[in-house]
There are 2 protein chains.
Amino acid sequence: MVTTSTLVGNPYQQDCPTRRILDRIGDKWTVLIVGALGDDAVRFSELRRRIQGISQKMLTQTLRSLEEDGLVSRTVTAQVPIKVEYALTDVGQSLRAPLKALEEWSIEHLGSVLDARIAHQEAGA
Amino acid sequence: MVTTSTLVGNPYQQDCPTRRILDRIGDKWTVLIVGALGDDAVRFSELRRRIQGISQKMLTQTLRSLEEDGLVSRTVTAQVPIKVEYALTDVGQSLRAPLKALEEWSIEHLGSVLDARIAHQEAGA
DNA sequence: CAGAATCCTCTGCGATACTG
DNA sequence: CAGTATCGCAGAGGATTCTG
């Protein structure tokens, strides 16, 4: 016999896959980095340029955790000014599709969301 | 004449749709609430039961902001123990598809991510 | 160029207690 | 039952400075 608690209403357990992934990609920069990487290898400085407003610290930090999770690969080329390139791994690439879906939703519905926000604001006043 | 900076590498502007939406749904609870609402209207207490570990404060707060953005509707029924039900609006419903895609990605790739994490840990040691 | 290290601030969020 | 109000802390993350 099992307790009923886990069988009712399909609850989100503390450590369900959705939550674990959300904890990873749900931060401020991960999604943007994955988007900025795209198909090819990109240098650190170029990434920084593509993602407006990201600090060097957060770019490094987020890239490290993406690498740790096998979503991004890091390639160092020892030359005069050192070159470090980042690229999405296969798993990282596979994340692009769902994120793209989210991006399209954003573009399609942002207007409606902003309208609702203003309407709500006026109603509250 | 425009500066070239915004034309190179398709950068993520500070206020692009993706970022604005990310700021909204990228928090700890929004996605889980949308998932927990699903098709039908759900009472406050039931929501709390479905989303394990959410505090009453964050549930209220996140529901408020979702309502403000027109993603969730709030219906009060004045009866002896007051009843308040929340439901996704049409726009809110439309968000389910992209989130579902993300959830499926989670389920499919969580294992690989965890493996990579362990492998990386061992390599680092 | 690509970072590591340090400091410091701001705020997300939990814990707790009270209300209609 | 469905909230509101207040307190407090841990941690995210920015700014700055220093290195190979």
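We name chains A, B, ... by the order of the sequence lines, and we start the count at 1 in each one. Keep in mind that this is a model prediction, so the values were computed, not measured. These numbers come from the heavy atoms of this one structure, side chains and all, not from hydrogens, waters or symmetry mates.
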Once you round it to whole Å, what is the distance between P of C:dC13 and CG of A:L22? 12 Å

Of B:R49 and B:T60, whose closest DNA chain D nucleotide lies nearer the 5' terminus? B:R49

N or O in side chain of B:R48 less than 4.0 angstrom from D:dC1 OP1/OP2: no

Below 4.0 angstrom from OP1 or OP2 of C:dG12, is there any side-chain N or O of B:K57? no

Using only atom types and a distance under 3.5 Å, with no angle test, would you say the side chain of A:E85 pairs donor to acceptor with the backbone of A:R43? no

Would you find a donor on one side and an acceptor on the other, under 3.5 Å apart, between the side chain of A:T30 and the backbone of A:D27? no

Do you see a donor-acceptor pair shorter than 3.5 Å between the side chains of A:Q56 and A:T60? yes

CD of A:Q14 versus C1' of C:dG14: gap in Å, rounded? 13 Å

Kindly say whether, by distance alone, the side chain of A:Q56 makes a donor-acceptor pair under 3.5 Å with the base of C:dA4? yes

At less than 4.0 Å, is any side-chain N or O atom of B:Y86 found next to OP1 or OP2 of D:dC1? Yes or no. no

Would you kindly give the CZ-to-C1' distance between B:R43 and D:dG3, to the nearest whole Å? 13 Å

Do B:V91 and A:I107 sit in one hydrophobic cluster, given that two such residues count as connected whenever their side-chain heavy atoms are within less than 4.5 Å of each other, even indirectly? no

Which of C:dG14, C:dA4, C:dA2 is nearest the side chain of A:S45? It is C:dA2

Length of the CZ-P vector between A:R24 and D:dA12, whole Å: 11 Å

Figure out the NZ/C1' separation between B:K28 and D:dA10, and round it to whole Å. 11 Å

Specify the separation, in whole Å, of atom CG of B:L59 and atom P of C:dA15. 14 Å

